[in-house]
Amino acid sequence: NLRPHNREQFIQKVRDLNYRDAYHAPDYMVTNSEYDVWTDIEGVFPSDADVRNNDFDWWAAGTKSGHVQEHQISVSGGSEKLTYLLSAGLTDQEGFIINDKFKRHSFRVNLENKVNDWLKIGVQSFASFVNKDGNEPTLNALIRHSPLVAPYDENGALIPSPTGSVLDNPFMTYEVDDLERENSFFGNLYGEVDFPFLKGLKYRINFGNNYRIQKAYQANPYGAGLTGSASREDRQSYDYTVDNILSYNRNFNEVHDLSATLLYSVVEREFSRSYAAARDFPNLILGYNSLEQGLIQTVNSDAAREAMNSQMGRINYKLLNRYLFTTTLRRDGFSGFAANEKWALFPSAALGWIISEESFFKPTWVQQLKLRLSYGVNGNLIGRYSSLASFQRGRKYVFGDGAEPVFGQYLESLENRNLRWEKTAGFNLGLDYSLFNGRISGSIEAYENTTNDLLFDVSLPGITGIDEITTNLGKLRNQGLEFSVSSKNITGGAFTWNSTINFSTNKNKIISLVGLDANEDGIEDDLVQDNLFIGHSLQTFRGYQSNGIYQLGDDIPTGYYPGTARVVDQNNDGVINSEDQIILGRREPNFRFGILNSFAYKNFTLSTFLNAVQGSKDSYQGSVISPNIGSVLGDNSMRLNYFDGIDYWSPSNPNGVFPRSHLGAAATPPIYANRSFVRLQDVTLAYKFSGELVKKLDLENISVYVNDKNLATWTDWEGWDPETGQGFADSGRPVLKGYTFGLNITF
């Protein structure tokens with residue numbers, strides 16, 4: 001449970017940062033009675049801040065326990081010709097940060113009419129209306145503000161900068177007039193024809209529409225340097241999908257089972273946005289509804305469009321109910337790729353053999369044994385305009401030595417006329433089984449996938465004036481193993497117990513970086529600036545290696561001080577520079593597993609789910625803390641707050657894990673740690689009523705339940721949740737525990 005320093009902890013932090021004055025040399029273990037910590041503190045805060053008397057808990061003022069309410073009701077029924085489903089829902093949520101609100105009303109209507117024996121038509125529609133009004137206080141500013149200052153003065157007026165630094169009062173983003181709405185409308189019309197002249201031949205057409213309207217309006221009296229700001233942003237997006245599906249399904253004499261499918265699909269998406277803003281208001285009485293009152297006004301707009309087209313043919317064939325064959329060929333086109341590279345083919349094929357159906361297969365304790373092998377190619381999309389050059393407008397040009405920058409258009413990204421589909425070709429070998437009359441069942445799968453033309457944003461040298469270019473880069477290989485097993489541990493009687501265990505592991509490796517210039521030996525180089533290294537995983541990271549912290553009395557090289565990290569000189573040349581950076585590890589885990597247990601006793605049911613992700617000393621690594629955050633003596637480190645409980649070095653804590661010193665080191669590596677965890681992720685206890693109560697109420701079912709999420713996490717990771725890998729980030733967010741009470745009633 002991360003919390004910022006309280007008053008006494010903050011004052012002690014200042015003493016620790018100033019240990020050379022606060023304690024006596026040479027070991028700095030004895031308090032210096034002549035040192036006055038308030039002299040240092042008052043020297044960095046505004047003169048009117050009552051730091052000697054303030055004790056404000058910023059975190060408590062900006063956070064609270066959140067809650068979620070969900071209500072759903074549905075009605076379904078119909079006749080032989082017409083069926084219907086009507087439903088409505090309400091979600092009302094408040095997060096753990098004050099004013100983090102979310103409310104949604106949703107409605108669904110599904111209708112299907114069987115016109116005659118060979119034609120049916122229907123509609124599936126959904127609408128949601130989302131309200132996210134209100135703006136939360138800035139999270140990292142809640143953490144960084146000292147308890148020695150307060151957000152409001154004695155008159156109740158908000159203080160824009162309580163610390164006297166560039167860190168704004170977090171409630172400047174909270175005390176605003178904020179309107180955020182999102183309305184979505186989805187409708188899918190379909191028709192299906194079962195051709196009477198050829199048994200098994202069907203045609204289906206789907207026409208899906210999705211329309212979304214978004215509004216984001218805000219008026220902030222503290223914006224634009226306290227002169228007031230207001231803005232209105234309107235977004236509209238629309239997409240449609242048309243699927244034409246022709247299928248044929250026949251079984252011939254229980255020997256041959258054949259199905260074939262043809263698909264032609266079209267997708268188009270459109271987006272538009274308008275934004276108007278103003279600042280420097282005489283007053284903000286009308287807020288965002290009167291932008292013309294602002295002395296400085298700006299407006300901009302943009303729009304986008306993209307399209308995708310797909311054609312697909314598939315054949316499924318089963319012989320004697322035990323030999324299976326499937327083959328598919330897709331042809332996909334996407335507007336985001338280069339002019340001559342918009343289309344690509346994606347073939348796949350699969351074989352299956354149900355061994356347990358063979359006459360020679362004798363084991364009676366095996367009910368099903370199915371072997372399958374597949375090969376397929378699929379593709380990955382890119383942003384809609386990634387292949388094109390894009391321009392922006394800003395202060396980018398300087399005419400003459402010492403002249404002021406002037407506005408103009410500048411090139412933001414380069415065109416790539418060869419940008420094409422990323423393709424992944426994969427082999428999969430699997431075995432499905434069911435044993436002991438279904439008491440044990442599951443599957444085992446092994447796969448190898450090779451990705452060619454990996455889509456990646458490659459960094460460019462700063463001298464070009466362009467940060468990066470999207471390109472196809474190299475080859476990546478993934479190999480993995482997955483298995484699941486389900487067991488009926490106890491059956492029959494009033495008590496039952498079922499379990500399911502899932503396990504998966506994956507390793508990826510960069511095989512080549514095709515497209516990069518080779519070195520003089522014709523060997524491809526690593527792309528160090530993007531952390532891409534041939535022979536290593538895609539999420540490998542590189543940096544300086546640390547082997548401890550310099551202590552008082554150590555022989556410390558120039559540029560380093562007691563309390564700074566000891567950086568390893570990898571090439572032993574006596575100089576720490578980029579040549580001493582090495583590959584430190586990777587962010588991917590070694591394996592994942594989950595365990596689901598379900599228990600039932602009479603009308604009670606209980607389910608528990610354990611989720612785990614595991615790494616090692618060089619895998620599933622994350623940066624616990626960034627260098628120099630509150631760890632080097634200076635005005636801001638004494639002025640700003642941070643988390644309590646971080647194991648910083650000090651003369652009295654020489655075994656501290658994290659560096660802290662009076663001066664910054666020439667090089668300070670971030671500290672990485674293993675993120676492995678086991679989490680009790682979900683627990684649900686339910687009771688289903690039966691007997692006279694249900695009959696008296698004329699109901700089909702009544703049940704109540706309680707659900708708990710993220711009840712416990714076992715990990716050595718320090719900081720926020722290990723799965724997010726945010727460490728001690730001052731803008732990190734926890735994975736919250738949740739408790740839900742529910743009631744289900746079926747009429």
Side-chain angles (χ1 to χ4, degrees), residues 454 456-459 473-474 476-479 505-511 513 516 524-550 557 559-560 563-592 613-629 631-632 646-649 655-661 664-677 715-729 732:
L454 183 71
F456 199 85
D457 293 329
V458 176
S459 301
L473 183 69
L476 178 72
R477 180 165 296 152
N478 278 276
Q479 295 175 320
T505 180
N506 175 272
K507 290 184 178 180
N508 72 78
K509 181 169 66 174
I510 297 174
I511 305 301
L513 295 174
L516 298 180
E524 290 181 87
D525 290 325
D526 297 327
L527 203 58
V528 177
Q529 68 271 26
D530 290 303
N531 278 320
L532 295 178
F533 306 98
I534 296 173
H536 295 271
S537 81
L538 191 63
Q539 296 189 46
T540 294
F541 56 89
R542 182 176 183 267
Y544 292 112
Q545 183 183 25
S546 172
N547 64 351
I549 293 177
Y550 286 114
Y560 297 85
T564 61
R566 184 187 291 112
V567 181
V568 178
D569 183 6
Q570 302 289 345
N571 56 13
N572 296 313
D573 63 355
V575 178
I576 300 297
N577 55 29
S578 60
E579 298 298 320
D580 296 302
Q581 294 186 0
I582 62 170
I583 291 174
L584 298 174
R586 57 190 174 91
R587 295 180 175 85
E588 303 99 335
N590 285 347
F591 61 90
R592 305 170 182 266
V613 183
Q614 298 293 302
S616 63
K617 65 179 182 179
D618 61 354
S619 65
Y620 203 46
Q621 298 288 300
S623 176
V624 182
I625 189 170
S626 299
N628 300 328
I629 292 186
S631 61
V632 178
I646 299 178
D647 190 13
Y648 281 118
W649 177 93
N655 295 320
V657 175
F658 300 101
R660 174 181 275 174
S661 58
T668 305
I671 295 180
Y672 292 91
N674 190 297
R675 295 160 50 199
S676 298
F677 70 90
T715 181
D716 292 330
W717 173 257
E718 296 184 81
W720 299 110
D721 187 77
E723 197 164 14
T724 64
Q726 293 174 316
F728 291 115

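Side-chain atoms are counted along with the backbone in the values below, which use heavy atoms only and exclude waters and symmetry mates.
- Contacts of Arg566 classified as side-chain hydrogen bond (donor to acceptor under 3.5 Å, both in side chains), with partners at least two apart in sequence or in another chain: Asp554.
- Residues Trp717 and Tyr620 fail the side-chain proximity criterion, which asks for heavy atoms closer than 4.5 Å.
- Taking CG of Asp618 as the start and CG of Asn674 as the end, the distance is 9.5 Å to the nearest 0.5 Å.
- Atoms CG and CG, on Asn571 and Asn577 in that order, are 6.5 Å from each other to the nearest 0.5 Å.
- In this structure, the side chains of Thr668 and Tyr544 stay at 4.5 Å or more apart for every pair of heavy atoms.
- Residues satisfying the side-chain hydrogen bond (donor to acceptor under 3.5 Å, both in side chains) test with Gln479, not counting sequence neighbours, are Glu448.
- The side-chain hydrogen bond (donor to acceptor under 3.5 Å, both in side chains) check on Arg660 picks up nothing, with sequence neighbours excluded.
- With sequence neighbours left out, Asp721 forms a side-chain hydrogen bond (donor to acceptor under 3.5 Å, both in side chains) with Arg679.
- Nearest heavy-atom pair, Gly664 versus Val632, reported as atom, atom and distance to 0.1 Å: N-CG1, 3.4 Å.
- Trp720 contributes a side-chain N or O that, together with a main-chain N or O of Ala729, makes up a donor-acceptor pair within less than 3.5 Å.
- In this pair, Tyr648 and Phe658 present their aromatic rings perpendicular. The plane angle is above 60°, beyond the 30 to 60° band.
- Leu538 contributes atom CG, which lies 6.5 Å from atom CZ of Phe456 (distance to the nearest 0.5 angstrom).
- Residue Arg675 comes nearest to Arg587 through the heavy atom pair NH1-O, 3.9 Å, listed as atom of the first residue, atom of the second, then distance.
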**OP:** Evaluate side chain to side chain contact (heavy atoms under 4.5 Å, CB included) for Val624 paired with Val657, printing each intermediate quantity in order.
**Re:** CA-CA 11 Å; Val624 182; Val657 175; over 6 Å; no
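- Asp569 places none of its side-chain heavy atoms less than 4.5 Å from the side chain of Val575.
- Asp580 pairs by the salt bridge (charged side-chain N to carboxylate O under 4.0 Å, His left out) definition with nothing, not counting sequence neighbours.
- Ile576 and Ala667 get closest at one heavy-atom pair: CG2-CB, 4.3 Å.
- Side-chain contact between Gln545 and Gln570 is present, with at least one heavy-atom pair separated by less than 4.5 Å.
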Original post:
Can you check side chain to side chain contact (heavy atoms under 4.5 Å, CB included) on Phe728 and Glu718, steps first, answer last?
Top reply: CA-CA 7 Å; Phe728 291 115; Glu718 296 184 81; 3.6 Å; yes
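- Taking 4.5 Å as the limit, every side-chain heavy atom of Thr540 sits out of range of all side-chain heavy atoms of Ile510.
- Put simply, the residue from Arg586, Arg592, Glu588 that forms a side-chain hydrogen bond (donor to acceptor under 3.5 Å, both in side chains) with Asn590 is Arg586.
- Every side-chain contact (heavy atoms from CB on, under 4.5 Å) that Thr564 has, sequence neighbours left out, goes to Tyr550, Tyr560, Tyr561, Ser661, Ala665.
- Atom CD of Glu579 sits about 8.5 Å away from atom CG of Asp573, to the nearest 0.5 Å.
- Contact detail for Asn508 and Asn478: the closest heavy-atom pair is CB-OD1, 3.1 Å.
- Nearest heavy-atom pair across Val567 and Pro669 is CG2-CD, 3.8 Å.
- With a 6.0 Å radius and a threshold of 12 heavy atoms from other residues, nucleotides or ligands, Asp716 has its CG atom at or below the threshold.
- Counting only distance, with no hydrogens or angles, the side chain of Arg542 and the backbone of Gln581 share a donor-acceptor pair below 3.5 Å.
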Original post:
Where do Leu473 and Asp530 land on the side chain to side chain contact (heavy atoms under 4.5 Å, CB included) test, with the steps shown first?
Top reply: CA-CA 12 Å; Leu473 183 69; Asp530 290 303; over 6 Å; no
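- Across all non-hydrogen atoms, the minimal contact from Phe533 to Asp526 is CA-OD1, 3.5 Å.
- In this structure, Leu532 CG and Leu513 CG are separated by 6.0 Å, a value rounded to the nearest 0.5 Å.
- In this structure the side chain of Gln614 reaches within 4.5 angstrom of the side chain of Ser676, judged on heavy atoms.
- Annotation: the span from Ile511 atom CD1 to Ile534 atom CD1 amounts to 9.5 Å, rounded to 0.5 Å.
- For the residue pair Ser459/Gln529, the side-chain donor-acceptor check at 3.5 Å is not satisfied.
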**OP:** Take Leu584 and Gln621 through the side chain to side chain contact (heavy atoms under 4.5 Å, CB included) test and state the conclusion after the steps.
**Re:** CA-CA 9 Å; Leu584 298 174; Gln621 298 288 300; over 6 Å; no
